Amino acid sequence: MHRWSQLFIPTLREAPADAEVASHKFLVRAGYVRQLAAGIYSYLFLGQRSFHKIMNIVREEMDKIGQEFFLPALHPREVWEASGRWTVMGDNMFRLKDRKGADLCLGMTHEEIMTEIARKELRSYKQLPQIWYQIQTKFRDEPRPKSGLLRVRQFTMKDAYSFDIDAAGLDVSYQKHRKVYCDIFERCGLKYVVIDAHSGAMGGSQSEEFMVRTPAGEDLVVSCEKCGYAANMEKATSKLAPVEELPAEGDGKPFEVHTPGMASIADIAAFFKMSPKNDIKTVAYMAQKPSEDGSKTLEVPVIAFLRGDHMVNETKLLTLVKGSELRPMQAEELEKYFQGPAGYLGPIGLVPAAKEQLGTWPDAKKQAPQNPRVVQVILDFGLEGRQNMVCGANKLDYHFKNVTPGRDFQWTVAADIRNVEAGEACPKCGTGLRIDTAVEIGHIFKLGYKYSESMGARVLDKNGKEVTPIMGSYGIGIERILTAAIEQSNDENGFWLPPSIAPFAIVVTPTNVSDENLLKTAEKIAQDLEKAGFDVLLDDRDERPGVKFKDADLVGIPYRVTVGKKVTEGTVEVVLRSTRTMQDVSISAIVEHFQKVLSPSR
RNA sequence: CGGGGCGUAGCGCAGCCUGGUAGCGCACCUGCCUUGGGCGCAGGGGGUCGUAGGUUCAAAUCCUAUCGCCCCGACCA
């Protein structure tokens with residue numbers, strides 16, 4: 001039996017000053033974790049117990065569809081070079097050298113290692129499909145670790161990989177994971193949503209994220225309460241309400257207006273007494289990506305135009321142009337492409353690339369020298385069909401009026417490159433969309449052929465023909481399940497976890513251990529409950545009741561049995577932490593009581 | 001990477017401006033007391049003031065460098 005007096009549960013009355021989010025404060029205060037360095041934590045007794053429960057649930061469910069492996073966390077450079085990600089991962093990957101000077105890295109994820117096994121071992125379609133998973137420590141050198149266990153540099157992940165002979169098979173594997181993930185999060189007692197996710201520039205065809213809404217989250221979820229549409233910010237779209245156009249002025253053609261010092265959209269809208277919706281916003285970037293061999297960075301100019309009140313979504317833009325990074329243009333670059341200064345930029349006079357050149361990079365097209373002023377011009381869908389707008393004239397202190405896209409300027413491609421805003425119409429049913437911050441706890445992803453192809457995995461199909469297996473990858477953040485659960489259920493005194501993932505389901509608290517009768521009764525109750533399969537903690541510390549109650553409220557245990565005065569009447573109190581509701585239960589019926597409200601942990 | 005803040009006892013903080021033997025609350029230890037919401041009294045232990053260098057008779061305090069941690073930003077030209 002676990003006796004509190006003998007355990008190391010270092011609870012704190014005060015949270016560390018640098019803890020911001022609830023889960024961080026309480027994980028530290030409740031003695032679950034201690035910080036070792038930025039984004040690196042030690043898990044103490046209670047924390048580890050909770051993680052074990054979570055991992056067991058994950059394991060039990062995953063075993064229904066796959067096989068558990070355990071791969072190295074330390075990887076040789078070569079494996080990552082084979083997939084091309086040695087360079088792609090950049091500073092996010094921890095790298096080190098062994099004594100011989102050979103390059104190694106700490107695994108951020110294990111597509112490469114799993115594919116390496118598949119490449120060496122899988123020979124025939126008869127061996128497919130395969131689903132392999134592991135629960136492993138991952139290392140990511142986050143630019144900015146934060147929010148306690150939410151964004152860290154070392155964490156535990158369940159990652160799974162599927163290998164199928166064809167897309168139909170992948171779909172089956174994908175759906176199996178989707179089902180199992182729902183079961184896992186259900187068992188963990190989380191309220192979650194499944195959303196459409198951005199599947200990256202790498203040709204993934206389908207991807208969904210499992211999100212828990214919480215203010216502590218860093219991801220944005222766009223959702224419709226009416227029809228169930230849900231997507232992340234990188235993927236979400238909306239229907240735009242029509243905009244009232246400005247009347248054409250003069251001969252209807254663009255003309256310059258002197259706008260001294262009006263360098264922002266707010267200034268211009270005020271100056272012309274119009275809505276920012278009638279303005280064309282210019283956003284100018286240099287898109288970057290590493291060259292094939294990783295030896296240098298390739299750059300192309302990318303210029304986006306959006307409605308004045310819209311915000312560009314850099315991920316959408318980056319995906320569109322197939323780049324890996326964006327940086328704002330500098331003054332000389334603005335001068336080169338626009339021949340005008342910041343604050344007065346506009347589309348008229350630009351040299352847009354042809355549609356076929358979208359996402360092409362200079363190195364690849366060396367043989368076809370082009371006009372150095374050519375840029376990729378991206379028009380947001382929100383500007384299509386608009387007329388008589390205002391934009392910068394590419395000339396200090398001047399703007400154009402009467403600008404109509406398509407008539408007065410052209411573009412490389414029109415696309416959705418903006419952020420949806422709360423209240424805009426749902427793309428499916430037209431209801432107002434809501435936007436919430438959320439934490440990503442799981443992600444399922446049809447990878448396609450990226451790794452199997454680049455790393456040379458091949459099997460023979462029925463006809464004896466060599467084919468490349470198609471892959472999926474599927475992740476669950478173990479720590480994030482706990483943090484999300486805490487974010488979801490806490491108050492000023494502490495938090496309460498779903499019994500399935502709490503370190504203990506029940507804490508038995510004798511109010512006074514120097515009272516022999518109370519202590520003996522409490523021990524008996526704890527023993528009986530334990531025998532019945534419940535995880536029980538006996539708070540046998542020689543402390544005042546107030547101290548024990550405060551600690552019990554703090555540490556996340558969902559039920560408390562208070563053994564106090566009423567034992568003389570043969571009853572104890574059962575307290576439900578979440579609602580603070582209290583109920584007298586006769587000692588003889590205590591096991592039965594919990595058998596009704598809880599399922600045994602063992 | 002850019003900007004800001006903070007490093008003083010396990011935790012939370014004061015002291016620094018104006019240099020002169022390092023303090024408070026909680027926690028911890030001992031004893032007494034108390035026992036239904038972080039109780040009371042008495043006594044006690046614990047700190048290279050992040051690190052290194054400099055200025056000075058004297059540095060937690062002033063200067064320089066460095067390390068660490070936290071927050072904001074890295075879309076709206």
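In the text below, chain A, chain B and the rest are named by the order of the sequence lines, each starting its count at 1. Note that the coordinates shown come from a computational prediction; the quantities given were computed from them, not determined experimentally.
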**Request:** Choose from C75(B), C69(B), C76(B) the nucleotide whose nearest atom is closest to any side-chain atom of Lys281(A).
**Result:** C76(B)
**Prompt:** ring pair (Phe, Tyr, Trp, His ring centres under 6.0 Å) with Tyr32(A): which of Tyr43(A), Phe495(A), Phe8(A)?
**Reply:** Phe495(A)
**Message:** I'd like to know if Arg307(A) and Asp380(A) make a salt bridge, using a cut-off of under 4.0 Å between side-chain N and carboxylate O.
**Reply:** no
**Request:** Take atom CG of Leu519(A) and atom C1' of U35(B), then tell me their distance rounded to the nearest Å.
**Result:** 14 Å
**Item:** Those residues of residues 303-312 of chain A lying under 4.0 Å from RNA chain B by at least one heavy atom
**Value:** Met311(A), Val312(A)
**Prompt:** Are Arg580(A) and Trp496(A) in a cation-pi setup, meaning NZ or CZ lies under 6.0 angstrom from the ring centre and within 45 degrees of the ring axis?
**Reply:** no
**Request:** Using atom NZ of Lys548(A) as one end and atom P of C39(B) as the other, report the distance to the nearest whole Å.
**Result:** 14 Å
**Complete:** With the side chain defined as heavy atoms from C-beta on, Asp542(A) is closest, among G37(B), C75(B), U35(B), to U35(B)
**Message:** Please classify the nucleic acid contact of Lys565(A) as base, sugar-phosphate, or nothing, using heavy-atom distances under 4.0 Å.
**Reply:** base
**Asked** Between atom CE of Met262(A) and atom CG of Asp397(A), what is the distance when rounded to the nearest 0.5 Å?
**Response** 9.0 Å
**Message:** Using a 4.0 Å heavy-atom cut-off, does Glu573(A) contact any base of the nucleic acid, only the sugar-phosphate backbone, or nothing at all?
**Reply:** base
**Message:** Please report the distance separating the C1' of G20(B) from the corresponding atom of A27(B), rounded so that it comes out in whole Å.
**Reply:** 32 Å
**Request:** Determine the contact category for Gly343(A): base if any of its heavy atoms lies under 4.0 Å from a base atom, sugar-phosphate if only primed atoms, P, OP1 or OP2 are that close, otherwise nothing.
**Result:** sugar-phosphate
**Message:** Of the listed nucleotides (C76(B), C39(B), C71(B)), which one gets closest to any side-chain atom of Lys146(A)?
**Reply:** C71(B)
**Complete:** Of the listed C70(B), G36(B), A77(B), the closest approach to the Phe549(A) side chain comes from G36(B)
**Test item: side-chain donor near acceptor, Asp416(A) and Thr237(A), under 3.5 Å** = no
**Item:** Span that lies between the P atom of G25(B) and that of G43(B), in whole angstrom
**Value:** 13 Å
**Request:** Would you mind listing every ring pair (Phe, Tyr, Trp, His ring centres under 6.0 Å) that reaches into residues 317-346 of chain A, with sequence neighbours excluded?
**Result:** Tyr344(A)-His399(A)
**Message:** Using only modelled atom types and a 3.5 angstrom limit, is any donor from either the side chain of Asp553(A) or the base of G37(B) paired with an acceptor on the other?
**Reply:** yes
**Request:** Hunt down the Watson-Crick or G-U wobble partner of C49(B), both distances under 3.5 Å, from any strand shown, or write none.
**Result:** none
**Prompt:** Pro328(A) near the nucleic acid: base, sugar-phosphate alone, or nothing, with a heavy-atom cut-off under 4.0 Å?
**Reply:** base
**Request:** Would you mind reading off the distance between Arg541(A) atom CZ and G37(B) atom P, rounded to a whole angstrom?
**Result:** 16 Å
**Item:** Euclidean distance for P, U51(B) against G19(B) (whole angstrom)
**Value:** 22 Å
**Item:** Under 4.0 Å protein heavy-atom contact, by nucleotide of nucleotides 8-14 of chain B - B base, S sugar-phosphate only
**Value:** ---BSS-
**Message:** We want to know whether Asp267(A) and Ser264(A) form a side-chain donor-acceptor pair, criterion being a heavy-atom distance below 3.5 angstrom.
**Reply:** yes
**Distance-only donor-acceptor check, side chains Tyr41(A) and Gln154(A), under 3.5 Å** = no
**Prompt:** Across the strands shown, which category fits Arg560(A) at heavy-atom distances under 4.0 angstrom: base, sugar-phosphate, nothing?
**Reply:** base
**Asked** Does NZ or CZ of Arg153(A) come closer than 6.0 Å to the centre of the six-membered ring of Phe139(A), within 45° of the ring's axis?
**Response** no
**Request:** Determine the contact category for Glu20(A): base if any of its heavy atoms lies under 4.0 Å from a base atom, sugar-phosphate if only primed atoms, P, OP1 or OP2 are that close, otherwise nothing.
**Result:** sugar-phosphate
**Message:** Between P on C75(B) and CE on Met329(A), what's the gap in Å once rounded to a whole number?
**Reply:** 15 Å
**Asked** Counting side-chain heavy atoms from CB outward, which of U35(B), G38(B), A77(B) is closest to Asn512(A)?
**Response** U35(B)
**Request:** Write down the partner of G25(B) under the Watson-Crick or G-U wobble criteria, each distance required to be under 3.5 Å.
**Result:** C11(B)
**Message:** What's Leu326(A) touching, base or sugar-phosphate or nothing? Going by heavy atoms closer than 4.0 Å.
**Reply:** nothing
**Message:** At 4.0 Å (heavy atoms only), tell me whether Pro510(A) reaches a base, stays on the sugar-phosphate, or touches nothing.
**Reply:** nothing
**Item:** Residue mapping more 5' on RNA chain B - nearest nucleotide basis, Thr11(A) or Ser514(A)
**Value:** Ser514(A)
**Prompt:** Atom CG in Leu345(A), atom CG in Leu334(A): separation rounded to 0.5 Å?
**Reply:** 5.5 Å
**Request:** Could you tell me whether Ser147(A) contacts a base, only the sugar-phosphate backbone, or nothing, with contacts defined as non-hydrogen atoms closer than 4.0 Å?
**Result:** sugar-phosphate
**Request:** Could you work out the separation of A14(B) and G23(B) based on their C1' atoms and round it to a whole Å?
**Result:** 7 Å
**Asked** Base, sugar-phosphate, or nothing: which does Asp551(A) touch, judged by heavy atoms less than 4.0 Å apart?
**Response** base
**Message:** Can you work out whether Val563(A) or Gly148(A) has the more 5'-proximal nearest nucleotide on RNA chain B?
**Reply:** Val563(A)
**Asked** Looking only at side chains, do Asp539(A) and Thr509(A) share a donor and an acceptor under 3.5 Å apart?
**Response** no
